[in-house]
Amino acid sequence: MADWQRTHTCGELRESHLGQTVVLNGWVNSYRAYNDQVFLDLRDRYGVTQVVVEADDPDFALAQEIRDEFVLTVSGVVRSRIEGKHNPKLTTGDIEVKAKKLAILNRCPNPPFAVMSIPQEPEVFGETELAGEDLRLQYRFLDLRRPTLQKTLALRHRMNKVIRDVLDAQGFLELETPLLGRSSPEGARDYLVPSRVTPGAWYALPQSPQLYKQLLMVAGYDKYFQIARCLRDEDLRADRQPEFTQLDVEMSFVEMDDLFRLLENLTVEVFRRCIGVEIQTPFPRLQYEDVMLRYGSDKPDLRFGMEIVDVTELAKQSTFKVFLDVVGKGGFVRAINAKGAADKFSNTELKPGGKLTEFVAGFGAKGLAWFKVEGGKLTSSIEKFFPVGVQEQLQKTLQAENGDLLLFVADTHDTVCSALGALRLHMGNVLKLIDMTKKEFKFAWVIDFPSFIRDEEEKRWAANHHPFTAPRDEDLHLLESDPGKVRAKAYDLIINGYEAGGGSIRIHNPEVQQRLFSVLGMSPEQAKSRFGFLLDALKFGAPPHGGIALGLDRWAMILTQTTNIRDVIAFPKNQKARDLMTGAPSEVDAKQLKELGIKQ
RNA sequence: GGGGGCGUAGCUCAACUGGUUAGAGUACCGGACUGUCGAUCCGGUGGUUGCGGGUUCGAAUCCCGUCGCCCUCGCCA
């Protein structure tokens, strides 16, 4: 062991170590220099320990040179802090290390932003005045020194460990599948990789290991999982990165209930062992159609109510032309009751061109009707179009009380859902209906998704989940006659408004698979050329099977209660899918392109 | 591709309605200081107000263009 190597971490020394000679390695979190002594807070990922260098210490002169983020080795004796000078903000705050020997292992220029500043809780020096995100991404190696990010990455490690432990104990095999695969035109845009040895041909990076895991089922690996990187060349969001990590699970000889049980137990273990939260199972199972009506979303945040209420029948009894026109065209009028919000919004904000109207316009709604409840009555610029009896019925249906704000959208089913669904979340935010200081988690399974959605642009049916999802047995006969009515054996796991996972029971019968391809407008020849290997495999004795994939980055967000996926990934990409640290994606040499047979 | 927000010192921000030499905290540099722990005190360096153009006696501020970042719609089987 070299003489500078640590004997302890910066988080472990206590009064039980008093008198011991120790060596610490770490970064300078902060320093306080006096004429005759220097205090150094030395930081590593285990904590912070105060080091004192005094005038009679041999390296006192050197200590004067020390600045933030220098890497040091300190050899010294653990001693108690003097009476009344203990620091309760640090878990090591009862002791300090009196330096005997000190060396600078590496210097650091004045950092572009402060890694640390203010102590907020024991051991963790929290950040205030956090630097701009692009700067932090550019110097990610500095940003990653922050305790918050170090804790988050440690939590991801623990999450992966729990997953492996739980699944291993139940006989699952962790198997790897290729990164270089075949492009399939269905689904998200592929990241493509050119083949050098076959000029003009391309691999695709996996959007998920979907087909491989099904082939593993055919091959008899009846309990499979993989913590797999997936890549999709689509636009980014606060909860979407171009490469992300899924827990991919597949089982043979199972039905939906078996997977629900497995995943519920896994979720219990993850929440218990990662953040110490006990959760209740089984999770509620909600039908797709029902959640769309009640929450306007297939991934509702169930931490608050404010459910959407259909008032189409009442709207018919009004003389309000906007409502009547919509209803006449087969549309719907639905509303939410923002409890107590009447005085939070001025009529200016509510009227056409106002903030709230603009908000719903962003989701396709042509307008926003509203009533405030005052003195037991509805008031609005449109109240005259609503007979007293109808107003009373509206109040009753929406359980309206004084001070409430009722918000209505009239449009097609899809538009009402997305506009009111978004408005519900927005109002929930404004009214602070979610207490982020509480560790509150609401889980649910969403089931009975339609197998197909209509692609109006292309005038064809598209797979809602993916084309290998089994339809419900009782809906199979509708496959050709009424595809829109076919429900799938598909399910999403939702947590606090996030789609935390999704899966399905797969088709294991080649004839059914062929029928499904043909609903999607794929001829037998096309199906054979794209997915021939899967159809073949299904013919060769495929077991009934199904699985699920969990978005582990989102799980990390949920567990750490952050809203930005970049905060739970070590080296994330920005919204333009660029890595600000490495500069990827970058141009490449003409020579590289030439080898690949690619023309500029 | 559309909508919204932001861009001022190394960093975090301020600068009223267009009006004096663009300020503060912090970091950095120098000095003082024996118990600090967001040390304190004194002094100092530091600015293409993202970039380009325009309006004006005068622009950080208004207008046009452009670049970058964030949120979002479309997209994400």
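What you see is a predicted model, and the numbers here were worked out from it, not measured in a lab. A, B, ... follow the sequence lines: proteins, then strands. Residue 1 opens every chain.
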J.: Does E499(A) offer a backbone N or O that forms a donor-acceptor pair with the side chain of R554(A) under 3.5 Å?
T.: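 Judged by distance alone, yes, a pair lies under 3.5 Å.
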J.: State plainly whether the residues R237(A) and D239(A) are in salt-bridge range, i.e. N to O under 4.0 Å.
T.: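 Salt bridge between R237(A) and D239(A), a charged N being under 4.0 Å from a carboxylate O: no.
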J.: Side chain of R578(A) only, heavy atoms from C-beta on: which candidate in rG68(B), rC28(B), rA39(B) is closest?
T.: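 Shortest atom-to-atom distance from the side chain points to rG68(B).
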J.: Can you figure out which of rG10(B), rU34(B), rG68(B) approaches the side chain of P112(A) most closely?
T.: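 Of all the options, the side chain of P112(A) is nearest to rG10(B).
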J.: Between F70(A) and Y31(A), does the ring-ring contact (aromatic ring centres under 6.0 Å, His included) criterion hold? Intermediate values first, please.
T.: CA-CA 11 Å; F70(A) 278 30; Y31(A) 65 94; 8.7 Å; no
J.: Describe the nucleic acid contact of D36(A) in one word from base, sugar-phosphate, nothing, applying a heavy-atom distance below 4.0 Å.
T.: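 Result for D36(A) = base.
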J.: Any salt bridge between R107(A) and E65(A), counting N to O under 4.0 Å?
T.: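 Judged by the 4.0 Å cut-off on N to carboxylate O distance, R107(A) and E65(A) do form a salt bridge.
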J.: rG35(B), rC11(B), rC37(B): which one has an atom nearest the side-chain heavy atoms of R32(A)?
T.: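 Nearest listed nucleotide: rC37(B).
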J.: Quick check: on RNA chain B, is the nucleotide nearest D239(A) upstream (toward 5') of the one nearest E186(A), or the reverse? Name the residue that is more 5'.
T.: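 Whichever sits nearer the 5' end wins; that is D239(A).
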J.: Encode nucleotides 2-9 of chain B as B, S and - characters from 5' to 3', where the letter depends on protein heavy atoms closer than 4.0 Å: B to the base, S only to sugar-phosphate, - to neither.
T.: --------
J.: With heavy atoms under 4.0 Å as the rule, sort N35(A) into base, sugar-phosphate or nothing.
T.: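 Since a base atom lies under 4.0 Å of N35(A), the category is base.
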J.: With a cut-off of less than 4.0 Å, is there a side-chain N or O of K89(A) near OP1 or OP2 of rC37(B)?
T.: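 Indeed not, no polar side-chain atom of K89(A) lies that close.
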J.: Paired with rG68(B) by Watson-Crick or G-U wobble geometry, both distances under 3.5 Å: which nucleotide is it?
T.: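 WC or wobble partner is rC6(B).
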J.: Side-chain contact, heavy-atom cut-off 4.5 Å: L580(A) with Y139(A)?
T.: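 When only atoms from C-beta onward are counted, Y139(A) and L580(A) do not touch, as no gap falls below 4.5 Å.
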J.: Atom NZ of K98(A) and atom P of rU34(B): how far apart are they, to the nearest Å?
T.: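 Atom NZ in K98(A) sits about 16 Å away from atom P in rU34(B).
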J.: Look at the side chain of A238(A) and decide which nucleotide, out of rC11(B), rG35(B), rU72(B), has an atom nearest to it.
T.: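 Output: rU72(B).
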J.: Roughly how many Å is it from CZ in F363(A) to P in rG74(B), rounded to a whole number?
T.: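 In whole Å, rG74(B) P and F363(A) CZ are 8 Å from each other.
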J.: If you look at every strand shown and take non-hydrogen atoms under 4.0 Å, does L135(A) touch a base, only sugar-phosphate, or nothing?
T.: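 Result for L135(A) = sugar-phosphate.
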J.: Under a 3.5 Å cut-off for both contacts, is rA32(B) paired Watson-Crick or G-U wobble with anything, and if yes, with which nucleotide?
T.: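 Paired with rA32(B), as far as the under-3.5 Å criterion goes, is rU40(B).
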J.: Taking rC41(B) as the reference, what is the distance to rG35(B) when you measure between their P atoms (whole Å, please)?
T.: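 Roughly 16 Å separates the two P atoms.
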J.: Base, sugar-phosphate alone, or nothing: which one does A462(A) contact when heavy atoms must sit under 4.0 Å apart?
T.: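 Contact class for A462(A): none.
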J.: Is the distance from OP1 or OP2 of rC73(B) to the nearest side-chain N or O of S418(A) less than 4.0 Å?
T.: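 Checking S418(A) against rC73(B): no side-chain N or O falls below 4.0 Å of OP1 or OP2.
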J.: Which part of the nucleic acid does A33(A) contact within heavy-atom distance under 4.0 Å: base, sugar-phosphate only, or nothing?
T.: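 If one applies the 4.0 Å heavy-atom cut-off, A33(A) turns out to touch a base.
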J.: Can you see if the side chain of R237(A) gets near the phosphate of rC73(B) - specifically, an N or O under 4.0 Å from OP1 or OP2?
T.: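 Checking rC73(B) against R237(A), a side-chain N or O does come within under 4.0 Å of OP1 or OP2.
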J.: Less than 4.0 angstrom from a charged side-chain N to a carboxylate O is my criterion; do D143(A) and R136(A) meet it?
T.: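 Result for this pair is yes, salt bridge flagged.
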J.: Expressed as a whole number of angstroms, how long is the span from Y191(A):OH to rC75(B):P?
T.: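 It is 18 Å, rounded to the nearest whole Å.
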J.: Does rC76(B) have OP1 or OP2 sitting under 4.0 Å from an N or O in the side chain of Q207(A)?
T.: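 So the side chain of Q207(A) is outside the cut-off, no N or O lying under 4.0 Å from OP1 or OP2 of rC76(B).
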J.: Can you check the Q37(A) CD to rC37(B) C1' distance for me, whole Å?
T.: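 Computing the Q37(A):CD to rC37(B):C1' distance gives 12 Å.
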J.: From the list rG10(B), rG74(B), rU72(B), which nucleotide is the closest neighbour of the side chain of D235(A)?
T.: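 Within the option list, the nearest is rG74(B).
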J.: Under 3.5 Å, side chain of R79(A) to main-chain N/O of E96(A), donor-acceptor pair present?
T.: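 It does not hold such a pair.
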J.: With distance as the sole test, does R232(A) use its side chain to make a donor-acceptor pair with the main-chain N or O of Q207(A) at under 3.5 Å?
T.: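 Answer holds: yes.
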J.: Hunt down the Watson-Crick or G-U wobble partner of rU17(B), both distances under 3.5 Å, from any strand shown, or write none.
T.: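 rU17(B) is paired with nothing.
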J.: What's E96(A) touching, base or sugar-phosphate or nothing? Going by heavy atoms closer than 4.0 Å.
T.: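 It contacts base atoms.
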J.: May I ask you to decide if the ring planes of H426(A) and F359(A) are parallel, tilted or perpendicular, using 30° and 60° as cut-offs?
T.: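 Judged by the thresholds at 30° and 60°, the geometry between H426(A) and F359(A) is parallel.
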J.: Quickly work out the R240(A) CZ to rC76(B) C1' distance and round it to whole Å.
T.: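 Whole-Å distance recorded here is 4 Å.
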J.: Would you call the rings of H8(A) and H17(A) parallel, tilted or perpendicular, where under 30° means parallel and over 60° means perpendicular?
T.: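 Judged by the thresholds at 30° and 60°, the geometry between H8(A) and H17(A) is perpendicular.
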J.: Quick one: which of rC37(B), rA27(B), rC76(B) gets closest to the side chain of R232(A)?
T.: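 From the listed options, rC76(B) comes nearest.
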J.: Classify the side chain of N87(A) versus the base of rC37(B) as yes if they form a donor-acceptor pair under 3.5 Å and no if they do not.
T.: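 It does, because a donor-acceptor pair links the side chain of N87(A) to the base of rC37(B) below 3.5 Å.
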J.: To the nearest Å, how far apart are L425(A) CG and rC71(B) P?
T.: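 Computing the L425(A):CG to rC71(B):P distance gives 17 Å.
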J.: So if I take every side-chain heavy atom of R189(A) and compare against rC37(B), rC76(B), rC75(B), which nucleotide ends up nearest?
T.: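 Given the options rC37(B), rC76(B), rC75(B), the side chain of R189(A) is closest to rC75(B).
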J.: When all nucleic acid strands are considered with a 4.0 Å heavy-atom cut-off, which category describes N464(A): base, sugar-phosphate, or nothing?
T.: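 Since only primed, P, OP1 and OP2 atoms lie under 4.0 Å of N464(A), the category is sugar-phosphate.
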J.: 5'-most contact on RNA chain B: H466(A) or G132(A), nearest heavy atom basis?
T.: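 In this pair, the answer is G132(A).
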J.: Kindly say if Y31(A) contacts the phosphate of rG38(B), meaning a side-chain N or O under 4.0 Å from OP1 or OP2.
T.: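 Y31(A) to rG38(B) OP1/OP2: no side-chain N or O under 4.0 Å.
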J.: Using whole Å, what does the distance between atom C1' of nucleotide rG10(B) and atom CD of E69(A) come to?
T.: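 Roughly 14 Å, once rounded to whole Å.
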J.: Give, for atom CD of Q226(A) and atom OG of S208(A), the distance between the pair rounded to the nearest 0.5 Å.
T.: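 Going from the CD atom of Q226(A) to the OG atom of S208(A) covers 10.0 Å.
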J.: When you measure from the side chain of Y34(A), which nucleotide among rA39(B), rC71(B), rC75(B) comes out closest?
T.: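 Given the options rA39(B), rC71(B), rC75(B), the side chain of Y34(A) is closest to rA39(B).
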J.: Between rC37(B), rC70(B), rG35(B), which one does the side chain of N574(A) approach most closely?
T.: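 Ranking rC37(B), rC70(B), rG35(B) by closest atom to the N574(A) side chain puts rC70(B) first.
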J.: Is any N or O donor-acceptor pair between the side chain of E234(A) and the base of rG74(B) shorter than 3.5 Å?
T.: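 There is none.
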J.: With rounding to the closest Å, how many angstrom separate the P atoms on rA9(B) and rG46(B)?
T.: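 Pairwise P distance, rA9(B) against rG46(B), rounds to 15 Å.
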J.: Just N and O in the side chain of R79(A): are any of them under 4.0 Å from OP1 or OP2 of rG35(B)?
T.: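 No.
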J.: Go through rG68(B), rC70(B), rC11(B) for me and flag the one nearest to the F113(A) side chain.
T.: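 Nearest to the side-chain atoms of F113(A), counting from C-beta on, is rC11(B).
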J.: Let me know the distance between CZ of F244(A) and C1' of rC76(B), rounded to the nearest Å.
T.: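 One finds 9 Å between C1' of rC76(B) and CZ of F244(A), rounded.
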J.: With a cut-off of less than 4.0 Å, is there a side-chain N or O of R67(A) near OP1 or OP2 of rC29(B)?
T.: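 So the side chain of R67(A) is within the cut-off, an N or O lying under 4.0 Å from OP1 or OP2 of rC29(B).
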